[in-house]
Amino acid sequence: MHKNELLSEFFLKKNYDILKNILKNSVDKYELDYLAKVFVAQGDYASAAVVYKNIGFMYEYGRCELLQGNLDSAKDIWCTIKTDTPATLWGKSLLEFIDLYVKHIPTFFQIRAFLEVDLDALLNANLITYCENIVNGAHLFEQNNQESYKFIGRVFINNSYFDLAELFLQKAKEICYVDPEVHLMLAKCWLNKNDIQRARESLLLSVEKGYGYYPARKMLESLDNTLNKK
């Protein structure tokens with residue numbers, strides 16, 4: 001399958017069933033990687049794990065075991081990886097957060113690259129206890145990356161856990177008051193509560209701190225248009 005066609009089918013069209021049918025008999029590692037990605041996108045972590053194991057992608061194999069709730073299996077698999085990479089170092093730190101025994105705080109770039117992605121994945125896998133343990137260590141992430149509270153808040157916003165999002169975004173606001181995205185996401189929390197006044201105040205702050213931050217300006221215009229029609 002041509003690379004551009006594969007990328008289009010996966011990222012743009014999301015034709016997962018078509019891709020599974022096309023790629024299931026492939027022997028090409030690049031294509032099989034995308035077959036596994038399809039399984040992950042559909043929540044079939046067990047099938048993805050088999051593919052990753054067969055092509056020797058051990059970090060991804062361990063991650064799929066983790067997404068099935070097989071914590072010990074993920075540990076064992078990741079311990080077989082001899083070469084340290086940002087992903088493997090992140091994974092081993094993440095397991096410490098889940099175990100509530102943190103010895104290695106991830107770096108600024110590891111947190112930026114992986115925290116949102118993996119927290120979102122674990123939440124969608126319904127591994128709530130894992131998620132609770134991770135976010136309870138937000139103050140540790142914040143030591144190396146001040147945006148950590150914002151990253152966690154954004155995951156909760158995207159999954160419609162607005163009350164939880166508000167808790168972390170208020171922390172983010174204390175640390176990064178000039179960040180327009182924090183005020184924008186808080187506005188979404190207020191709108192969820194139908195608190196229009198606070199939502200407008202947050203959006204106005206977002207526009208101010210972001211020097212006309214377009215997403216906030218667009219949301220503010222949409223909100224005002226809706227109010228004017230009532």
Side-chain angles (χ1 to χ4, degrees), residues 40 43 45 48-49 52 58-189 192 202:
V40 171
Y45 309 119
Y52 280 132
M58 301 309 287
Y59 174 76
E60 292 81 359
Y61 172 32
R63 184 173 184 269
C64 288
E65 288 296 309
L66 179 63
L67 291 173
Q68 293 176 79
N70 300 330
L71 188 63
D72 289 338
S73 179
K75 288 179 184 177
D76 291 341
I77 293 164
W78 282 345
C79 282
T80 68
I81 302 173
K82 304 303 181 185
T83 304
D84 286 337
T85 67
T88 58
L89 291 171
W90 159 261
K92 291 170 184 177
S93 294
L94 186 65
L95 294 177
E96 293 178 5
F97 278 84
I98 292 171
D99 276 338
L100 298 176
Y101 187 70
V102 179
K103 295 185 290 184
H104 304 95
I105 300 175
T107 67
F108 174 91
F109 289 108
Q110 288 165 13
I111 294 167
R112 189 183 184 96
F114 300 110
L115 176 58
E116 280 187 77
V117 174
D118 282 347
L119 181 60
D120 183 74
L122 290 165
L123 199 57
N124 281 288
N126 203 34
L127 294 168
I128 304 302
T129 300
Y130 289 6
C131 294
E132 288 177 348
N133 291 354
I134 292 166
V135 301
N136 283 338
H139 61 292
L140 299 176
F141 290 122
E142 190 267 332
Q143 290 179 19
N144 284 352
N145 190 319
Q146 290 189 327
E147 291 186 293
S148 296
Y149 286 108
K150 182 178 79 170
F151 297 153
I152 294 169
R154 185 157 53 202
V155 171
F156 286 135
I157 284 277
N158 291 339
N159 287 278
S160 299
Y161 291 98
F162 292 98
D163 289 341
L164 286 172
E166 182 186 337
L167 292 175
F168 288 93
L169 291 171
Q170 290 289 8
K171 285 281 190 181
K173 181 179 173 181
E174 294 173 10
I175 297 166
C176 303
Y177 189 77
V178 297
D179 187 332
E181 190 179 7
V182 171
H183 298 290
L184 174 67
M185 288 191 287
L186 277 169
K188 293 180 180 180
C189 295
N192 181 66
S202 286

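Counting heavy atoms from C-beta on, the side chains of Arg154 and Asn158 come closer than 4.5 Å. Residues Val182 and Ile175 have side chains not in contact (no heavy-atom distance under 4.5 Å, counting atoms from C-beta outward). Leu94 places a side-chain heavy atom less than 4.5 Å from the side chain of Leu66. Proximity of Tyr161 to Phe168: side-chain heavy atoms (C-beta onward) are nowhere separated by under 4.5 Å. With a 4.5 Å cut-off on side-chain heavy atoms, Ile105 and Ser93 do not count as touching. Side chains of Leu169 and Ile157 form a contact here, defined as non-hydrogen atoms less than 4.5 Å apart. Between Pro86 and Phe109, every side-chain heavy-atom pair lies at or beyond the 4.5 Å cut-off. Side-chain contact between Phe156 and Leu123 is present, with at least one heavy-atom pair separated by less than 4.5 Å.
Residues Tyr45 and Gln68 approach most closely at CB-CG, 3.6 Å, considering heavy atoms. Taking both residues in full, the closest heavy atoms of Leu115 and Ser148 are given as CD2-O, 4.2 Å, listed atom of the first, atom of the second, then distance. Between Ile111 and Pro106, the closest heavy-atom pair is CD1-O, 3.6 Å. Closest heavy-atom contact between Phe151 and Arg112: CE1-CA, 3.9 Å. Scanning both residues, Ile77 and Glu65, for their nearest heavy atoms gives CD1-CG, 3.6 Å. Listed here is the closest heavy atom pair of Cys189 and Ala165: SG-CB, 4.1 Å.
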Step-by-step side-chain contact (heavy atoms from CB on, under 4.5 Å) determination, Asp179 to Glu147: CA-CA 9 Å; Asp179 187 332; Glu147 291 186 293; 3.9 Å; yes
Check against side-chain contact (heavy atoms from CB on, under 4.5 Å), Thr83 and Thr88: CA-CA 8 Å; Thr83 304; Thr88 58; over 6 Å; no
Pair Asp84-Lys92, side-chain contact (heavy atoms from CB on, under 4.5 Å): steps then yes or no: CA-CA 10 Å; Asp84 286 337; Lys92 291 170 184 177; 3.9 Å; yes
Leu140 vs Glu96, side-chain contact (heavy atoms from CB on, under 4.5 Å): CA-CA, chis, key distance, verdict: CA-CA 12 Å; Leu140 299 176; Glu96 293 178 5; over 6 Å; no
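Atom CZ of Phe108 has more than 12 heavy atoms from other residues, nucleotides or ligands within 6.0 Å.
A salt bridge does not link Lys171 with Glu142: none of the charged nitrogens is closer than 4.0 Å to a carboxylate oxygen.
Listed by first and then second residue, the side-chain hydrogen bond (donor to acceptor under 3.5 Å, both in side chains) pairs involving residues 121-141 are Asp120-Asn124 (not counting sequence neighbours).
One distance of note links CZ of Phe162 with CG of Leu167; it measures 14.0 Å at 0.5 Å rounding. Rounded to the nearest 0.5 Å, atoms CG (Asp118) and CG (Leu67) are 7.5 Å apart. Rounded to the nearest 0.5 Å, atoms OH (Tyr59) and OG1 (Thr85) are 8.0 Å apart. Separation of atoms NZ (Lys82) and OG1 (Thr80) is listed at 7.0 Å; rounding is to 0.5 Å. Here CG of Asn192 is found 7.0 Å from CG of Asp163. Values are rounded to the nearest 0.5 Å.
Side-chain rings of Phe97 and Phe141 approach one another, their centers coming within less than 6.0 Å.
A donor-acceptor pair under 3.5 Å is formed between the side chain of His183 and the backbone N or O of Tyr177.
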